[in-house]
Protein chains: 2
Amino acid sequence: MKVYKIPEATVMRLSIYSRYLHQLIDEGVDTVSSGEIAAGVGVGSAQVRKDLAYFGEFGTRGVGYKVEELYGYLIKILGLDQQWNVIIVGAGKLGSALALYQGFKDRGFSVCAILDNDPGRIGQKLGETTIEPLEQMDQRIKEHNIKVGIVTVPAQVAQEVTDRLITAGVTAILNFSPKVLRVPHEVTLRNVDLSVNLEVLSFNLALNS
Amino acid sequence: MKVYKIPEATVMRLSIYSRYLHQLIDEGVDTVSSGEIAAGVGVGSAQVRKDLAYFGEFGTRGVGYKVEELYGYLIKILGLDQQWNVIIVGAGKLGSALALYQGFKDRGFSVCAILDNDPGRIGQKLGETTIEPLEQMDQRIKEHNIKVGIVTVPAQVAQEVTDRLITAGVTAILNFSPKVLRVPHEVTLRNVDLSVNLEVLSFNLALNS
DNA sequence: TAGATTGTTAATCGATTAACAATC
DNA sequence: TAGATTGTTAATCGATTAACAATC
């Protein structure tokens with residue numbers, strides 16, 4: 001797949017398209033147009049075609065796209081045709097909820113290690129997985145060839161934990177801590193800052209009042 | 001505050017700046033330049049000045065910004081100088097974790113109602129708040145003048161729940177369900193789609209392998 | 001005054017959208 | 001062939017960045 005520069009928004013939309021196509025498969029639909037996908041997920045049809053065009057030609061002019069086929073391509077493009085092992089650092093409320101989140105499993109993500117440094121938490125089970133001390137990080141990452149780390153620790157230790165994850169071999173990080181993290185450019189970082197999200201809402205509420 | 005069109009990215013950065021300023025206050029710093037803020041949060045200094053310029057002139061040429069003063073302005077702009085009452089619909093793992101999330105309280109958000117339709121969950125306590133049936137929605141929203149709704153229900157019922165929230169008076173929605181929601185234009189919607197986030201990581205991993 | 005840093009304008013960059021030739 | 005819809009180009013839009021006059 002020879003690709004130059006894909007806008008991040010495009011990747012996010014591909015993920016959403018793929019879910020919509022999954023729904024169409026369930027409904028037994030077998031052909032769909034860019035306009036229908038667009039209407040289904042609330043974007044323009046040119047946007048849909050443009051997003052797909054980054055990766056190839058998947059449709060038939062005058063006809064549209066075969067739903068199952070396009071779905072298969074998207075899953076491949078998104079890397080969801082393989083299993084990704086995940087480590088969660090921080091077994092607080094949020095980390096524990098994420099460890100048990102069914103949506104991750106559904107899409108091929110397998111949480112195979114959960115770490116915390118609270119002696120009261122270590123040894124407890126979350127589903128199949130036992131909470132272990134941070135010292136186990138290196139071993140678990142190597143053992144399970146983990147590439148994805150989820151950071152749900154307090155802000156003060158988030159950078160340190162991130163550095164350790166990267167040193168141990170993780171190259172993709174989902175950060176839930178309210179901390180601006182620095183990572184080398186070859187590591188992909190995404191921030192899911194819950195407070196920032198609520199504050200955008202708050203901004204809009206304040207604006208309209 | 002007379003404002004035309006603020007990029008959403010600007011609002012998110014303002015939230016991040018405000019946290020950085022809070023940290024500077026703790027450190028006893030009392031003056032800061034746009035370059036220092038920029039370095040602190042990993043953006044360009046022109047970006048910082050431009051973001052602030054949407055809302056006014058907060059600095060002194062040749063000197064910089066007074067930390068506490070600028071922090072105060074940002075809190076005001078973000079609407080964090082007032083308390084926002086929040087309702088959570090869906091008391092599963094994620095909803096429960098959010099109900100207890102300290103970060104929300106710290107920024108002035110008060111979760112004052114949690115609803116679920118699972119009889120096994122109703123009546124249980126999450127912190128101070130008791131899980132109630134969905135029938136209580138209208139009453140709680142009116143009683144507490146709730147403007148913010150957090151949706152953590154399964155995709156199948158997300159749109160229905162959202163419609164009910166809006167009818168009852170909620171005008172800002174944080175959606176954690178993997179569902180494209182339709183809301184009237186006067187309602188602010190933010191999607192925090194955990195799977196989409198992981199899939200962007202997966203895409204990048206697949207790209208680099 | 002000299003040095004520093006803001007606020008703002010203009011240039012650049014990149015993403016979205018409209019339009020249409022290609023083609024089923 | 002006529003109608004439909006793709007893939008792609010070019011136009012538009014909007015956000016970021018560079019540059020600099022204003023000014024402390």
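Numbers restart at 1 for each chain; the letters A, B, ... are given by sequence-line order, proteins then strands.
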Practice item. Report the distance from atom CD of Glu69(A) to atom P of dT6(D), rounded to the nearest whole Å. Key: 14 Å

Point to revise | Presence of Tyr65(B) side-chain N/O under 4.0 Å of dG7(C) phosphate oxygens OP1/OP2 | key: yes

Contacts table for residues 197-209 of chain B: side-chain donor-acceptor under 3.5 angstrom, sequence neighbours left out:
unit_1    : atom_1 : unit_2    : atom_2 : d
Asn197(B) : OD1    : Arg190(A) : NE     : 2.7
Asn197(B) : OD1    : Arg190(A) : NH2    : 3.0
Asn197(B) : ND2    : Asp193(B) : O      : 3.0
Glu199(B) : OE1    : Ser15(A)  : OG     : 2.6
Glu199(B) : OE1    : Arg107(A) : NH2    : 3.4
Glu199(B) : OE2    : Arg107(A) : NE     : 2.6
Ser202(B) : OG     : Leu78(A)  : O      : 2.5
Ser202(B) : OG     : Gly79(A)  : O      : 3.3
Ser202(B) : OG     : Trp84(A)  : NE1    : 3.0
Asn204(B) : ND2    : Val200(B) : O      : 2.9
Asn208(B) : ND2    : Asn204(B) : O      : 3.0
Ser209(B) : OG     : Leu205(B) : O      : 3.2
Ser209(B) : OG     : Ala206(B) : O      : 3.2

Review point. Within this structure, what is the CD-to-C1' distance between Glu57(A) and dC24(C), rounded to whole angstrom?
Key: 13 Å

Review point. Only one of Thr188(B), Thr171(B), Leu165(B), Ile166(B) forms a side-chain contact (heavy atoms from CB on, under 4.5 Å) with Val183(B), so which one is it?
Key: Ile166(B)

Practice item. Give the intermediate values and the outcome of side chain to side chain contact (heavy atoms under 4.5 Å, CB included) for residues Tyr71(B) and His22(B). Key: CA-CA 7 Å; Tyr71(B) 178 75; His22(B) 186 92; 3.3 Å; yes

**Study point:** Side-chain (Thr152(A)) to main-chain (Gly90(A)) donor-acceptor, under 3.5 angstrom
**Key:** yes

Check your understanding: Between Asn85(A) (side chain) and Ile146(A) (backbone), is there a donor-acceptor pair under 3.5 Å?
Key -> no

Exercise for review: Let me know the distance between CG of Leu52(A) and P of dT8(D), rounded to the nearest Å.
Suggested key: 11 Å

Study note, to complete from the structure: The correct set of residues in residues 182-193 of chain B placing a heavy atom under 4.0 Å from DNA chain C is none

Check your understanding: To the nearest Å, how far apart are Lys66(B) NZ and dT6(C) P?
Key -> 15 Å

Exercise for review: With sequence neighbours left out, write down each residue that passes side-chain contact (heavy atoms from CB on, under 4.5 Å) with Asp163(A), or none if nothing qualifies.
Suggested key: Gln159(A)

Exercise for review: Apply the test ring-ring contact (aromatic ring centres under 6.0 Å, His included) to residues Tyr17(B) and Tyr20(B): give CA-CA distance (whole Å), side-chain angles for both, the deciding distance (0.1 Å), then the verdict.
Suggested key: CA-CA 5 Å; Tyr17(B) 302 159; Tyr20(B) 182 66; 8.8 Å; no

Point to revise | Side-chain H-bond candidate by donor/acceptor type, Arg19(A) with Ser195(B), under 3.5 Å | key: no

Point to revise | Footprint string (nucleotides 14-23 of chain D, 5' to 3'): B base within contact, S backbone only, - free, heavy atoms under 4.0 Å | key: -SBSBB--BB

Check your understanding: Between Val89(B) and Ile150(B), does a side chain to side chain contact (heavy atoms under 4.5 Å, CB included) hold up when you go through it step by step?
Key -> CA-CA 6 Å; Val89(B) 188; Ile150(B) 298 183; over 6 Å; no

Review point. Within the pair Ser34(B) and dT6(C), is there a side-chain N or O less than 4.0 Å away from OP1 or OP2?
Key: yes

Revision key, fill the gap. DNA chain C nearest-nucleotide lookup for Val63(B) and Val63(A): closer to the 5′ end is Val63(B)

Exercise for review: State whether Asp51(A) and Arg13(A) are salt-bridged, where the test is any N-O pair (Lys NZ or Arg NE/NH1/NH2 against Asp/Glu carboxylate O) under 4.0 Å.
Suggested key: yes

Exercise answer: donor-acceptor pairs, residues 26-39 of chain B side-chain atoms, under 3.5 Å, sequence neighbours excluded:
unit_1   : atom_1 : unit_2   : atom_2 : d
Glu27(B) : OE2    : Gln23(B) : NE2    : 3.4
Ser33(B) : OG     : Gly35(B) : N      : 3.4
Ser33(B) : OG     : Glu36(B) : N      : 3.1
Ser33(B) : OG     : Glu36(B) : OE1    : 3.4
Ser34(B) : OG     : Arg49(B) : NH1    : 3.0
Glu36(B) : OE1    : Ser33(B) : N      : 2.8

Check your understanding: Where does DNA chain C form stems of at least three consecutive Watson-Crick or G-U wobble pairs, each pair having both distances below 3.5 Å?
Key -> C:3-24 with D:3-24

